[in-house]
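The block underneath contains the structure these notes are about, expressed in structure tokens.
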Amino acid sequence: MSARLAEVAAPDFDLALTLSCGQLFHWQRQGTGWVGAIGDKACYAEQRGDALFVTRGMEEIARRYFALDHPLAEIYATFPRDPAMDAALAACRGMRIVRQPHWECIASFITSAQKAVPHITQISHTLRTRFGKRIGDGPLFAYPTPDALAALEEDDLRACALGYRAKNLLRAARQIASGEVSLTAITKLDDDSAHRELMRLGGVGPKVANCALLFAFERLAAFPIDVWIERVLRQIYFAKKRRVTAARLRDYAAKYFGAYGGYAQQYLFHHARTSRPQKS
DNA sequence: ACCCAGGGGCAAG
DNA sequence: CTTGCCCATGGG
């Protein structure tokens, strides 16, 4: 096995945490490591201390995908110092915001609406195996392209347990396949314009647009607010206020967490979900 | 601005 | 086994 692996320096990195914190839905444990598709390439990855061992030939691709160039120490230094943030950092040190392929990320989060991680994982797997391109002769499939999905009918997607999300995913795929929305153009827009443009896609509202900005478009200030992070914000930062509007939460988060707000959000999010028994 | 439908997995009964 | 719960988006 080792002969087929190459070493990549990976200080300040926690592979398992990065793969399991709710930003990716298709990596699977295999032996002492993980297997998954990075775009249309298969990758095995295994962490041993400060080193990451990946499928030979995938070193550069993995380094970029796992964002091993993000300056974690510098990012942590921008985090606000308060008990909630300190606890989240202590629990999630080494978690990185990865660089996902644009469409794969957008589509995954369209299908994630009102869903728990296991089901999102199931949907991703079904869509890949039915409509994605098989990678080599192995068990992995790339995420289906906008063109592949655009050619389907809504019932084909409903058959993958998407429910009402089928219509949204189909619409988004067709908007991109037709050129009505250009993901390449979005990469060149400022954060607010990119957010607005993403929201033109079916099934993409403020939260999903922010997930895409953060996990795929390298906008590390993007701060997705879902019910979990909203609970954290309300309970910890707005404990005394009874009624707080969504706009107020959003503006507060943008100011309070700053340029790397997306990192802060993901740490608070994962910590909230894993440290409490359930709910709150 | 508020209200609620909606699909399927899963926890609770 | 059956019922109730979960929740982002979009349309009323």
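Computed from heavy atoms alone, side chains included, the values below leave out hydrogens, waters and symmetry copies. Since we're looking at a predicted model, the values are computed, not measured. Within every chain, numbering begins at 1; the chains are lettered A, B, ... in the order of the sequence lines, protein sequences first and strands thereafter.
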| said: Whole angstroms only, please: what is the CG-C1' distance between A/L157 and B/dG8? | reply: 16 Å

| request: Verify the distance criterion only: is there a donor paired with an acceptor across the side chains of A/S193 and A/E197 at less than 3.5 Å? | output: no

| message | Closer than 4.0 angstrom, basic N to acidic O: yes or no for A/R93 and A/D14? | response | no

| Side-chain-base donor-acceptor pair under 3.5 Å for A/K115 and B/dG8 | yes

| remark: In whole angstroms, the gap separating P of C/dC6 from CD of A/E230 amounts to 14 Å

| Toward the 5' end of DNA chain B, by each residue's nearest nucleotide, A/P118 or A/A113 | A/A113

| Spacing between A/I123 atom CD1 and B/dG9 atom P, to the nearest angstrom | 8 Å

| request: Would you kindly check if the NZ (Lys) or CZ (Arg) of A/R48 is within the cone defined by 45 degrees around the ring axis of A/F53 and under 6.0 Å from the six-membered ring centre? | output: yes

| query | Between atom CD1 in A/I110 and atom P in C/dT9, what is the gap in whole Å? | reply | 10 Å

| query | Nearest-Å distance, CZ (A/R158) to P (B/dG9)? | reply | 14 Å

| With the threshold set at 4.0 Å, does a side-chain nitrogen-carboxylate oxygen contact exist between A/R64 and A/E60? | no

| task | Quick one: label A/I120 by what it contacts on the DNA or RNA (base, sugar-phosphate, nothing), any heavy atom closer than 4.0 Å. | result | nothing

| said: Need one value for A/A161: base, sugar-phosphate or nothing, where a base atom within 4.0 Å counts as base even if backbone is also close, heavy atoms only. | reply: sugar-phosphate

| query | In the structure shown, which nucleotide is the Watson-Crick or G-U wobble counterpart of B/dG13, with both distances under 3.5 Å? | reply | C/dC1

| Apart from A/L140 itself, what residues make up its hydrophobic cluster when side-chain heavy atoms of I, L, V, M, F, W and Y under 4.5 Å apart count as a link, directly or indirectly? | A/I135

| field | Distance in angstrom units between A/L201 CG and C/dT9 C1', rounded | value | 13 Å

| query | What integer distance in Å separates A/Q122:CD from B/dC10:C1'? | reply | 14 Å

| query | Strictly under 6.0 Å, is that where the ring centroids of A/F217 and A/W103 end up? | reply | no

| message | One thing to verify: whether A/R174 and A/E180 come together as a salt bridge, which I'm taking to mean a side-chain N less than 4.0 angstrom from a carboxylate O. | response | no

| query | Contacts to DNA chain B from residues 162-174 of chain A, heavy-atom cutoff under 4.0 Å, which residues? | reply | A/G163, A/Y164, A/R165

